[in-house]
Amino acid sequence: MSDVEELAARRQAVDDLRAAGIEPFPARVSRTHNAKEALEAYQPDVPEEEQPTVTVAGRMLTPRHMGKASFLHLQDGSGKIQVYAQRNTLGDAQFDLLKSLHPGDFLWVSGPVFQTRTGEITVRAREIKLISKALRPLPDKFHGIRDKEVRYRKRYLDLIANRESFDRLMLRSRIVSTVRRLLESRGFIEVETPVLQSLYGGAHARPFTTHFNALGEDLYLRIALELYHKRLLIGGVDKLFEIGRVFRNEGLSRKHNPEFTMLELYWAYADYHDIMSLVEWFVSETAGQIFGSPIIERDGQQIDLTPPWPRQTLREAILQYSGIDFTAYPVGEGDAALLSAARERGLQIPDRTPRGKVIDELLSTFVEPHLIEPIFLYDYPLELSPLAKTKEGDPALVERFEAFAGAVELANAFTELNDPQDQRRRFEAQAVDREAGDQDAHAFDEDFLEAMEHGMPPAGGLGVGIDRLTMFLTGAESIKDVILFPQMRRGSSLEDAEEDAENENDL
RNA sequence: GGGCCGCUAGCUCAAUUGGCAGAGCAAUUGACUCUUAAUCAAUGGGUUCCGAGUUCGAGUCUCGGGCGGCUCACCA
C-alpha cells in the first residue's frame with residue numbers, strides 16, 4: 001500500500017468507526033494521572049487488588065499484540081507508561097478496537113497499576129477509548145528521524161521520535177523561566193516594547209522591512225531592544241528587562257537565525273561592573289537550578305560557572321593570544337600600522353579595514369577560541385560602540401564588556417552613554433560611515449536624542465542571546481537545535497503536500 | 001554567494017566495473033494471554049529529488065536545476 005492509499009484507508013477507518021457508533025475524535029476526555037504520576041502511584045509491597053486505579057491518556061507507541069493479550073506504551077508530555085490489555089478483561093468489542101489501532105493513535109486507558117514479571121509498572125486496562133486517530137504513519141519507531149531537514153521542517157515528528165529533542169525543548173523553557181524569575185527576584189520588571197519601528201537601532205545590523213497599510217508607512221522589524229529601553233530609563237523605570245524576538249536580515253549559519261531571542265536589561269545607577277556581577281550570578285544560578293550544579297560539561301570538559309569569573313581587559317587578552325598591543329597604535333595615525341601588524345599574524349583583511357573591525361578580528365580569530373572557561377573581557381575600542389559611555393581618562397575606549405564561555409560570546413554590555421551631546425556626535429560619526437556605504441551603521445535617531453536631552457540616569461545595560469545561552473548550557477551544536485522552527489528555505493515539503501493532494505484526487 | 005558532501009518505499013538503510021531496485025520497521029492478512037525494537041508465516045508498496053545528455057542498458061557516469069548538511073565569506 002502506498003502512503004496515499006494508506007491515508008485513504010485510514011480516513012475510511014475513521015468513517016467506519018463513526019458508522020459503528022464510535023467517535024474517533026471525542027471532544028472531551030479526563031485523566032487522573034499523567035504517565036509519570038501513574039508510575040509514581042504504584043505502591044510496592046501492596047497486592048494488586050489494593051493498587052490505585054489510574055486513568056491515563058497518550059499517544060500509542062509500539063503495540064505488541066499476542067493473540068488474546070496486548071502490551072503497548074502510551075507517551076504523554078511527562079513520559080511513557082506501559083499498558084497491558086487482555087481480551088477477557090476488556091471484552092471483545094474494546095479488544096478488537098485496540099487491535100485495529102495504529103501506532104500514533106491517541107488512547108485513553110483506565111485500570112489499576114501493577115508490576116509485570118519483568119518488573120515494569122503497568123496499567124492493567126479495564127477500559128479503553130480511542131481519543132484521536134492518526135491518519136499518517138509515525139516515523140520508524142526505533143531509528144526515529146535522522147534526516148535533519150525533516151527534523152527541522154516537521155519538528156512535531158522530531159519531538160515524537162527523538163526524545164533528546166523533546167528534552168531540549170523542555171530545558172530551553174526552564175532556562176528562560178529561571179532567568180526571568182532570577183531577574184525579577186532582584187527587582188527588575190519585564191517590559192514589552194515595539195517590534196514594528198519606523199527607525200531601527202541599537203545594533204549594527206540590517207533590518208527586515210514591512211509596510212503598514214493604514215498609515216501608508218514603511219516600518220522595520222526591530223534589530224535590538226535598546227533604544228526603547230533607554231526611553232524607559234528616562235521615564236523613571238530603574239530596573240527593567242525584556243526577553244523578546246529580534247530580527248536581523250542576515251545570513252543563516254550554525255550560530256545565526258534571522259529571528260532570535262534576546263534578553264536586554266537596563267539598570268539605573270549601575271555601571272558595567274555591576275552588570276558583570278549580575279551576569280555571572282544569574283548564569284551560574286540558572287545552571288545550578290536546572291542541572292543541580294554550576295559545573296557543566298561541554299565537549300567532555302568541565303566548566304565551572306561559579307562566580308566570580310575572571311576579568312581581563314580586551315587589550316591584555318589580545319596581547320596574550322596574538323602578541324599585538326592595540327593601545328600601542330594610536331587612533332588615527334596608528335591605524336595603518338595596526339592593520340599591518342594584524343596581517344603579519346596571518347589575518348586576511350582588506351585594505352582600509354576600520355580600526356575597530358581589525359581589533360574585533362583579532363579578538364574573534366586569536367582570542368575567542370581559547371575562552372572555554374567563563375571570562376569577562378572589558379574596555380573596548382570606541383569605534384564600534386556608538387551607544388556606550390567612554391572610559392574615564394581614556395577617550396579611545398568605552399566601558400563595555402563581553403562575556404565568553406565555551407568559546408562563544410554569551411553577553412555584551414556597557415555603561416550606557418547618557419550624554420546627549422556625545423550621543424549626537426556618535427550618531428554623526430555613524431552617519432559618515434553610512435554615507436560611505438556601511439548599510440549597517442546606526443541610524444541618526446533624532447527622536448531618541450530628544451528623549452535623552454530630557455535627562456537619562458547613569459545606567460548599565462546588557463544584551464544576552466538566549467539561543468546561544470541555551471546552546472551553551474545544553475551542549476547544542478547548532479542554533480537550529482534550540483529553535484523549534486528554524487528558518488528554512490521554502491522547500492520541497494510544500495510541493496510534496498500539493499502533490500499528495502493531487503494524488504488523492506486521482507484515487 | 002564560494003567549496004565539499006548528501007538526497008533510493010511512510011521511516012532507517014542496502015544495491016559490486018554501468019547489467020532484473022532490495023532489507024528491517026510501518027501497512028494488509030493469519031497464528032500467538034507477560035511483551036517491551038515482541039515473535040512467526042504470507043502479501044502489497046518505487047517518478048531512485050527534478051530535467052536533459054552519454055550508452056544496447058543509468059540509482060550508479062556527464063551537464064543544468066532544487067532542497068539540506070558542513071564549511072568559508074557575511075553576520076562587530
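A note on names: the letters A, B, ... follow the listed sequences, proteins ahead of strands, and every chain is numbered from 1.
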For [X] and [N], give me the distance from atom [atom1] to atom [atom2], rounded to whole Å.
X: A:R10; N: B:rU28; atom1: CZ; atom2: P; value: 7 Å
X: A:D140; N: B:rA23; atom1: CG; atom2: C1'; value: 12 Å
X: A:H65; N: B:rC40; atom1: NE2; atom2: C1'; value: 16 Å
X: A:Y84; N: B:rA38; atom1: OH; atom2: P; value: 16 Å
X: A:K154; N: B:rG68; atom1: NZ; atom2: C1'; value: 14 Å
X: A:F114; N: B:rU35; atom1: CZ; atom2: P; value: 12 Å
X: A:L61; N: B:rA26; atom1: CG; atom2: P; value: 12 Å
X: A:H143; N: B:rA23; atom1: NE2; atom2: P; value: 16 Å

Strictly under 3.5 Å: I want the nitrogen or oxygen pairs between protein and nucleotides 6-8 of chain B, one per line.
none

Quick check: does any side chain N or O of [X] sit under 3.5 Å from a backbone N or O of [Y], one acting as donor and the other as acceptor?
X: A:R168; Y: A:M471; result: no
X: A:D105; Y: A:A134; result: yes
X: A:S385; Y: A:A388; result: no
X: A:N34; Y: A:E37; result: yes

Next item on the list: Give A:E383 one of three labels, base, sugar-phosphate or nothing, depending on what nucleic acid heavy atoms sit under 4.0 Å from its own.
Entry: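 Nothing, no nucleic acid heavy atom in range.
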Next item on the list: Give A:T116 one of three labels, base, sugar-phosphate or nothing, depending on what nucleic acid heavy atoms sit under 4.0 Å from its own.
Entry: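 Base, at least one base atom sits under 4.0 Å.
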Next item on the list: Select from A:Y152 and A:G144 the residue whose nearest nucleotide in RNA chain B is closer to the 5' end of that strand.
Entry: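 Going by which nucleotide is closer to the 5' end, it is A:G144.
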Using the [atom1] atom in both, what is the distance from [N] to [M], to the nearest Å?
N: B:rG22; M: B:rC61; atom1: C1'; value: 23 Å
N: B:rU60; M: B:rC49; atom1: C1'; value: 16 Å
N: B:rG6; M: B:rU16; atom1: P; value: 15 Å
N: B:rA31; M: B:rG19; atom1: C1'; value: 41 Å
N: B:rC20; M: B:rG59; atom1: P; value: 10 Å
N: B:rA14; M: B:rG46; atom1: C1'; value: 15 Å
N: B:rA23; M: B:rA9; atom1: P; value: 14 Å
N: B:rA52; M: B:rG68; atom1: C1'; value: 23 Å

Check: With A:R151, which of A:L159, A:D158, A:L157 fulfils side-chain contact (heavy atoms from CB on, under 4.5 Å)?
Finding: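 Only one option passes, and that is A:D158.
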Next item on the list: Within residues 97-113 of chain A, find the residues that approach RNA chain B with a heavy atom at under 4.0 Å, and present them sorted by residue number.
Entry: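 Here the set is A:K99, A:H102, A:P103.
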Identify which nucleotide among [options] has an atom closest to any side-chain atom of [X], counting heavy atoms from C-beta outward.
X: A:F142; options: B:rU33, B:rA37, B:rG68; answer: B:rA37
X: A:R489; options: B:rU33, B:rC67, B:rU12; answer: B:rC67
X: A:R124; options: B:rU12, B:rC67, B:rC34; answer: B:rC34

Closer than 4.0 Å, any side-chain N/O of [X] to the OP1 or OP2 of [N]?
X: A:R146; N: B:rC13; value: yes
X: A:R117; N: B:rU35; value: no
X: A:K141; N: B:rC11; value: no
X: A:R254; N: B:rU71; value: yes

Margin query: Can you confirm if the NZ or CZ of A:R124 lies within 45° of the ring axis of A:F114 and under 6.0 Å from the centre of its six-membered ring?
Written below: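 Because its charged atom sits under 6.0 Å from the ring centre and within 45° of the axis, A:R124 does stack over A:F114.
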Notebook entry, point to check: Is it the case that A:R424 places NZ or CZ above or below the six-membered ring of A:F427, under 6.0 angstrom from the centre and within 45 degrees of the axis?
Noted result: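 Not flagged: A:R424 not positioned over aromatic ring of A:F427.
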Notebook entry, point to check: For the base of B:rU35, is there a side-chain donor-acceptor partner from A:Q82 under 3.5 Å away?
Noted result: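 Per atom types, the contact qualifies.
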Next item on the list: Decide yes or no, distance alone: a donor-acceptor N/O pair under 3.5 angstrom between the base of B:rU33 and the side-chain of A:N88.
Entry: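 Such a pair is found, so the answer is yes.
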Margin query: In terms of relative ring orientation, are A:Y272 and A:Y378 parallel, tilted or perpendicular, with 30° and 60° separating the classes?
Written below: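 Ring orientation, 0 to 90° scale: perpendicular.
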Check: Does A:I375 reach the side chain of A:W309, with side-chain heavy atoms less than 4.5 Å apart?
Finding: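 Of all side-chain heavy-atom pairs linking A:W309 with A:I375, none is under 4.5 Å.
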Next item on the list: State the dot-bracket string of RNA chain B. Criteria: Watson-Crick or G-U wobble, both atom distances under 3.5 angstrom; notation: ( ) intrastrand, [ ] crossing earlier pairs, | interstrand, . unpaired.
Entry: (((((((..((((.....[..)))).(((((.......))))).....(((((..]....))))))))))))....
Check: Once you round to the nearest 0.5 Å, how far does NE2 of A:H229 lie from CD of A:E416?
Finding: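 Separation between the atoms: 11.0 Å.
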Next item on the list: Can you measure from OH (A:Y84) to CZ (A:F71) and round to the nearest 0.5 angstrom?
Entry: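 Going from OH on A:Y84 over to CZ on A:F71, the span is 5.0 Å.
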Check: For atom CD of A:Q115, is the number of surrounding heavy atoms from other residues, nucleotides or ligands below 6.0 Å larger than 12?
Finding: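 Buried by this count: over 12 neighbours within 6.0 Å.
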Margin query: With a 6.0 Å cut-off (strictly less than), is the heavy-atom count around CD of A:E48, excluding the residue itself, greater than 12?
Written below: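 Yes.
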Item checked: Of A:Y220, A:F247, A:F208, A:F448, the residue whose pairing with A:Y200 passes ring-ring contact (aromatic ring centres under 6.0 Å, His included) ->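 Running ring-ring contact (aromatic ring centres under 6.0 Å, His included) over A:Y220, A:F247, A:F208, A:F448 with A:Y200 returns exactly one hit, A:Y220.
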